[in-house]
Number of protein chains: 2
Amino acid sequence: MEFSAVDSEKFAVQEFRERCRNAGLALTHQREIIFRTVYEMRSHPTPEAIYERVREQLPSISLGTVYKNLKTFLDTGLLREVSPMHGSLRVDAITEDHHHVVCTQCRMVVDLGEEELEPVRLRVQLPDGFVLKRCVVEFYGLCPRCAAKPDKPR
Amino acid sequence: MEFSAVDSEKFAVQEFRERCRNAGLALTHQREIIFRTVYEMRSHPTPEAIYERVREQLPSISLGTVYKNLKTFLDTGLLREVSPMHGSLRVDAITEDHHHVVCTQCRMVVDLGEEELEPVRLRVQLPDGFVLKRCVVEFYGLCPRCAAKPDKPR
DNA sequence: TTATTAAACAATAAATATTATCATTCGTCA
DNA sequence: TGACGAATGATAATATTTATTGTTTAATAA
Ligand SMILES: [Mn+2]
Ligand SMILES: [Mn+2]
Ligand SMILES: [Zn+2]
Ligand SMILES: [Zn+2]
């Protein structure tokens, strides 16, 4: 899949307006620039990095606005979180390779042994020169408890 | 694989002493308790959670000591980081399902389309009642640049 | 277009997470 | 046992994220 083919600039921004409308979000200048900036960066950027870029076009924007809108975009599905695990360090006493089942609500992490999964197989080569250390599969969703409850326990 | 079968308590602590010795780490009371605590928790805990538990046995330990030792353990391979991506939020403008190639040194993230991988197949059921939302494969390693350099650029 | 209203904004403070500094204590090894 | 480097505890500093508040802006309808 060529992502660049599917989502052209214009389409993405059109889509953005559409989705804001559907989600009942006001279409502000800041919002559009923040979204377009993330979209153009294509590097899985941090809020800080986005802020730096956006500031070039909107010198008076505040970091808080960037954070708040990123969160809004994540909530409405306009953007995705690269690793729903983030927030604080999580350590694993099991040093053998294995995989994880993760609840995105309470952040519970359950192990899944290597052999509980068919081996992961690439159809292409990894980027030339990339030195692979490990491969982890993460299943994201809601644990039974969180699936039952209406919202955000923790 | 039953992890509990492989690594019995005693074995793990023995292994721990061995590895400390090999890595030239002093064997302190604090270290042993921190490690044993993480090992017993088996819940991919945060530094804060570990600190709370360890404090029950070592009321005078400081949070900084917990952090420093966790980092040491990660460096020496005694523990593993659940998500080498953590540290700060990373957002993705691509909302279609896809996978990632991640450099654990500079934290660069490169996309890998769904169809560049054989479909991931489970040999077992996910935990009963778990509502699966998405499945992400992450390939961790060193990007060409970081593989070439001796240490920690960023 | 203009008035009304709710939402979003910038500025700022506060909370949370993590790392650094340093004087003291402790483990290692001769 | 004694010297010495490493580790600890206390604390400060930094980084990341969220909350608060007064002001501005976008959406809606007259
Ligand atoms: Mn695990
Ligand atoms: Mn991506
Ligand atoms: Zn949950
Ligand atoms: Zn790299």
Side-chain angles (χ1 to χ4, degrees), chain A residues 16-35 37-38 44-52 54-76 78-79 81-91 107 152 154, chain B residues 16-35 37-38 44-52 54-76 78-79 81-91 107 152 154:
Chain A
F16 167 77
R17 294 205 176 109
E18 187 78 24
R19 293 231 230 170
C20 279
R21 192 161 296 272
N22 292 345
L25 299 177
L27 242 153
T28 68
H29 191 201
Q30 289 91 333
R31 245 172 215 164
E32 193 161 323
I33 296 205
I34 291 170
F35 181 82
T37 299
V38 175
H44 312 83
T46 66
E48 192 68 38
I50 295 162
Y51 174 57
E52 289 308 327
V54 168
R55 243 184 353 165
E56 294 167 10
Q57 300 173 71
L58 295 175
S60 70
I61 200 169
S62 89
L63 181 57
T65 298
V66 173
Y67 265 101
K68 198 164 342 146
N69 278 304
L70 289 180
K71 176 168 266 198
T72 302
F73 294 159
L74 293 173
D75 288 345
T76 56
L78 271 162
L79 294 178
E81 209 168 335
V82 172
S83 171
M85 276 304 308
H86 105 284
S88 112
L89 173 67
R90 301 284 292 264
V91 298
R107 296 188 175 174
K152 309 263 169 187
R154 211 169 167 205
Chain B
F16 168 75
R17 295 203 175 112
E18 186 78 24
R19 292 232 231 172
C20 279
R21 193 161 295 272
N22 292 345
L25 298 176
L27 244 153
T28 70
H29 191 199
Q30 288 90 336
R31 243 171 217 164
E32 192 159 324
I33 295 204
I34 291 170
F35 181 81
T37 300
V38 175
H44 311 84
T46 65
E48 192 68 37
I50 295 162
Y51 174 58
E52 289 308 329
V54 168
R55 243 184 353 166
E56 293 167 9
Q57 301 174 70
L58 294 175
S60 69
I61 200 169
S62 90
L63 180 57
T65 298
V66 173
Y67 267 102
K68 201 165 339 149
N69 278 302
L70 290 180
K71 175 167 265 198
T72 302
F73 294 158
L74 293 173
D75 287 345
T76 56
L78 271 162
L79 294 177
E81 213 169 326
V82 172
S83 171
M85 275 306 305
H86 106 283
S88 116
L89 173 67
R90 301 283 291 264
V91 298
R107 296 187 174 175
K152 309 260 164 186
R154 223 183 160 189

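Order of the sequence lines fixes the chain letters, A, B, ..., with proteins taken first and strands second; residue numbering starts at 1 for each chain.
- Here the closest non-hydrogen pair linking B:Val38 and B:Leu79 is CG1-CD2, 3.9 Å.
- Here B:His86 does not reach the OP1 or OP2 of C:dA17: none of its side-chain N or O atoms lies under 4.0 Å away.
- When heavy atoms are screened at a 4.0 angstrom cut-off, B:Gly87 is found touching the sugar-phosphate backbone but no base atom.
- Across the protein-nucleic acid pair, A:Arg55 atom CZ and C:dC9 atom C1' stand 16 Å apart, rounded to whole Å.
- Using a 4.0 Å cutoff on non-hydrogen atoms, the parts of residues 16-35 of chain B near DNA chain D are B:Leu25, B:Ala26, B:Thr28, B:Gln30, B:Arg31, ordered by number.
- The side-chain hydrogen bond (donor to acceptor under 3.5 Å, both in side chains) check on A:Ser62 picks up A:Thr65, with sequence neighbours excluded.
- Following rounding to the nearest Å, A:Asn69 (CG) and D:dT18 (P) show an atom-to-atom distance of 13 Å.
- What separates CD1 of A:Ile61 from C1' of C:dT12 is a distance of 16 Å, to the nearest Å.
- Ring orientation note: the planes of B:Phe35 and B:Phe16 are close to parallel, at an angle under 30° on the 30°/60° scale.
- Evaluation of the side-chain hydrogen bond (donor to acceptor under 3.5 Å, both in side chains) rule for A:Thr72 yields no partner, not counting sequence neighbours.
- For B:Thr65, a side-chain nitrogen or oxygen approaches OP1 or OP2 of D:dG9 to under 4.0 Å.
- Put simply, CG on B:Leu58 is 10 Å from P on D:dT8, counting in whole angstrom units.
- Taking a 4.0 Å limit (strictly below) on heavy-atom distances, residues 45-52 of chain A reaches DNA chain D at A:Pro47.
- Between B:Tyr67 atom OH and D:dG9 atom C1' there is a gap of 16 Å when expressed in whole angstrom units.
- Considering only residues two or more places apart in sequence or on other chains, B:Thr28 meets the side chain to side chain contact (heavy atoms under 4.5 Å, CB included) condition with B:Ala26, B:Gln30, B:Arg31.
- With sequence neighbours excluded, the residues that form a side chain to side chain contact (heavy atoms under 4.5 Å, CB included) with B:Ser88 are A:Thr46, A:Pro47.
- In this structure, NZ of B:Lys68 is placed 14 Å from C1' of C:dC26, rounded to the nearest angstrom.
- Looking at residues two or more places apart in sequence or on another chain, you find a side chain to side chain contact (heavy atoms under 4.5 Å, CB included) between A:Arg17 and A:Val13, A:Gln14, A:Leu27, A:Glu32.
- Phosphate contact (OP1/OP2 of D:dT18, side-chain N/O of A:Lys71, threshold under 4.0 Å): present.
- The salt bridge (Lys or Arg N to Asp or Glu O under 4.0 Å) analysis of residues 54-65 of chain A, with sequence neighbours excluded, yields the pairs A:Glu52-A:Arg55.
- Here the shortest heavy-atom pairing between B:Ile33 and B:Val54 reads CG2-CG1, 4.1 Å.
- Here the P atom of nucleotide C:dT12 and the CG atom of A:Leu63 are 14 Å apart, to the nearest Å.
- Atom-to-atom, CG of B:Leu89 to C1' of C:dA17 comes out at 15 Å; the value is rounded to the nearest Å.
- An end-to-end axis angle of 40° holds for the helix from C:dT1-D:dA30 to C:dA30-D:dT1, taken from five base pairs per end and rounded to 10°.
- Taking A:Leu63 as the reference, A:Glu48, A:Tyr51, A:Tyr67 meet the side chain to side chain contact (heavy atoms under 4.5 Å, CB included) condition, with sequence neighbours excluded.
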Original post:
Hey, mind stepping through A:Val82 and B:Val91 against side-chain contact (heavy atoms from CB on, under 4.5 Å) and telling me if it holds?
Top reply: CA-CA 6 Å; A:Val82 172; B:Val91 298; 6.0 Å; no
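- The shortest heavy-atom contact between B:His86 and B:Glu81 is ND1-OE2, 3.0 Å.
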